[in-house]
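Presented below is the structure to which this report refers.
Side chains are part of it too, since the values below use all heavy atoms of this structure and drop only hydrogens, waters and symmetry mates.
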Amino acid sequence: MDAGLAAALGALAGAVGTALAGIAAGWASREQARITARAEHRRLRQGPRADAYEAFIGASGALRDHAIPLFFGVEEIHNRPPLTEEFLAEAQNHMKAVVASWLTVTLAGPRSVQAAASDIYDCSKELTSHGIAIWAMTEDEGLSRQVDRLELEAHHMIVKLNNHIATFTELAQQVLDDDGTI
């Protein structure tokens with residue numbers, strides 16, 4: 001009886017061990033599949049994100065660069081190019097590119113990058129609006145003080161826009177470098 005009981009207990013222990021090993025192997029297999037799927041998902045998201053971020057940085061940088069000769073050297077007012085309808089039309093085209101690429105970035109995410117992109121969008125919109133207001137006021141000599149104030153604000157907006165672009169670029173690099181490991 002003792003030998004029979006020992007054999008039965010040995011068989012039971014072997015069966016339990018086999019079952020536990022099977023469960024552990026199944027769990028490990030599922031975990032590996034989840035890790036692989038997550039890595040593939042990240043890889044598939046990184047390409048479109050990189051393209052969206054690059055287009056947005058390019059569009060917002062082009063708007064900033066377009067405005068710099070006009071508004072950055074406020075103290076050098078006589079050396080600046082004139083604010084013309086053509087200049088404004090080109091600025092508005094740059095703004096349309098900012099809007100289109102901003103929408104793509106907000107869809108690509110993540111939230112930290114969306115917030116930084118929205119800062120750039122808001123600042124770009126404000127800068128463009130200032131340009132239009134200045135253009136509309138330049139013909140009226142009585143509004144020269146308001147024009148001077150708007151030009152100074154536009155100057156500060158360019159600096160602010162440049163800082164927002166730098167922040168966005170840094171965040172975008174962090175997102176693109178994130179491989180999901182801790």
Roughly how far apart are [X] [atom1] and [Y] [atom2], rounded to 0.5 Å?
X	Y	atom1	atom2	result
T128	N93	OG1	CG	10.5 Å
Q146	I134	CD	CD1	11.5 Å
L127	L63	CG	CG	5.5 Å
H130	L150	NE2	CG	4.5 Å

Do the side chains of [Y] and [X] get nearer than 4.5 Å, heavy atoms only?
X	Y	value
V105	V113	yes
V98	H94	no
Y53	V175	yes
R49	P110	yes
E85	W135	yes

Return the minimal non-hydrogen interatomic distance between [X] and [Y], and the atom names on each side.
X	Y	value
H66	F87	NE2-O, 3.0 Å
M157	C123	O-SG, 3.4 Å
L171	S112	CD1-O, 3.7 Å

(message) Please list all pairs meeting salt bridge (charged side-chain N to carboxylate O under 4.0 Å, His left out) that have one or both residues in residues 152-167, counting only residues at least two apart or in different chains.
(response) R149-E153
(message) Quick check on the 6.0 Å ring-centre criterion: do Y121 and F56 meet it?
(response) no
